[in-house]
Amino acid sequence: MTDWVRVAARADVAEGACLGVKVGGTEVAIYHLPGGEFCATANVCSHEYALLSDGWLENGCIECPLHAAQFDVRTGKAMSAPADEDIAVYPIKAEGDDLLVQVPG
């Protein structure tokens with residue numbers, strides 16, 4: 001398993017928002033859901049190259065800004081066309097004011 005990497009401060013991701021970060025060579029999206037839950041997924045849409053962190057987060061789903069494909073940010077499951085391939089989900093945890101993720105090397 002890879003090490004935990006600090007990617008942001010909790011305050012960097014407002015509730016209901018998402019933040020794109022790069023971990024090594026991997027684009028990662030960090031989501032702050034209502035109630036203080038954080039999730040992390042691949043930041044690139046599985047349908048066509050677009051950064052999901054530029055999309056819209058609502059009801060636990062991120063909508064791709066390019067063709068409106070939606071993904072569940074907890075599971076990575078593709079929820080609507082044109083995406084038919086799920087996205088990767090990464091472990092995330094909060095330690096104090098820091099958010100840390102594990103991304104395979």
Side-chain angles (χ1 to χ4, degrees):
M1 195 61 148
T2 60
D3 291 331
W4 289 96
V5 177
R6 183 192 182 280
V7 292
R10 291 170 75 120
D12 291 340
V13 191
E15 189 171 299
C18 55
L19 174 72
V21 298
K22 202 163 202 174
V23 179
T26 303
E27 296 279 356
V28 177
I30 308 297
Y31 310 95
H32 187 172
L33 302 180
E37 180 182 3
F38 289 92
C39 299
T41 70
N43 194 19
V44 177
C45 181
S46 62
H47 167 249
E48 193 169 319
Y49 190 91
L51 295 179
L52 296 174
S53 59
D54 291 337
W56 299 270
L57 180 63
E58 188 173 357
N59 298 324
C61 287
I62 187 71
E63 182 177 301
C64 177
L66 194 57
H67 295 117
Q70 294 184 352
F71 300 90
D72 184 310
V73 301
R74 291 179 180 97
T75 65
K77 181 170 178 51
M79 304 297 287
S80 68
D84 57 6
E85 188 177 322
D86 299 344
I87 56 173
V89 173
Y90 305 115
I92 185 168
K93 67 179 179 179
E95 282 188 357
D97 291 333
D98 296 328
L99 295 174
L100 297 94
V101 298
Q102 280 184 315
V103 177

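All heavy atoms count here, side chains included; hydrogens, waters and symmetry mates do not.
Heavy-atom minimum distance, Y31 versus L57: CD2-CD1, 4.0 Å. Contact record, I62 with C18: CD1-SG, 3.9 Å, taken as the closest heavy-atom pair. Contact record, V13 with A17: CG1-O, 3.6 Å, taken as the closest heavy-atom pair. Smallest separation of non-hydrogen atoms from L99 and R10: CD2-CG, 3.9 Å.
Linking Ile, Leu, Val, Met, Phe, Trp and Tyr whenever their side-chain heavy atoms come within less than 4.5 Å puts L19 and V103 in one cluster. Side-chain heavy atoms closer than 4.5 Å link hydrophobic residues (I, L, V, M, F, W, Y) into clusters, and following such links, possibly through other members, connects L33 to I87. W4 is not connected to F38 by any chain of hydrophobic side-chain contacts under 4.5 Å among Ile, Leu, Val, Met, Phe, Trp and Tyr, and they are in different clusters.
The distance from the CG atom of D86 to the OG1 atom of T41 is 11.0 Å, given to the nearest 0.5 Å. Within the model, atoms CZ of R6 and CD of E95 stand 11.0 Å from one another, a figure rounded to the nearest 0.5 Å. Separation of atoms CD (Q102) and CG (D3) is listed at 8.0 Å; rounding is to 0.5 Å.
Looking only at side-chain heavy atoms (C-beta outward), V23 and Y90 stay at 4.5 Å or farther from each other. I30 is listed as a side-chain neighbour of V21, based on a closest heavy-atom distance under 4.5 Å.
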Table please: side-chain donor-acceptor pairs of residues 47-56 below 3.5 Å, with sequence neighbours left out.
| unit_1 | atom_1 | unit_2 | atom_2 | d |
| --- | --- | --- | --- | --- |
| H47 | ND1 | H67 | ND1 | 3.4 |
| S53 | OG | N43 | OD1 | 3.3 |
| S53 | OG | N43 | ND2 | 3.1 |

Which atom pairs, one a donor and one an acceptor, fall under 3.5 Å between side chains of residues 71-79 and the rest of the protein, sequence neighbours left out?
| unit_1 | atom_1 | unit_2 | atom_2 | d |
| --- | --- | --- | --- | --- |
| D72 | OD1 | R74 | N | 2.7 |
| D72 | OD1 | T75 | N | 3.2 |
| R74 | NE | E37 | OE1 | 3.3 |
| R74 | NE | E37 | OE2 | 3.2 |
| R74 | NH2 | E37 | OE1 | 3.1 |
| T75 | OG1 | K77 | N | 3.2 |

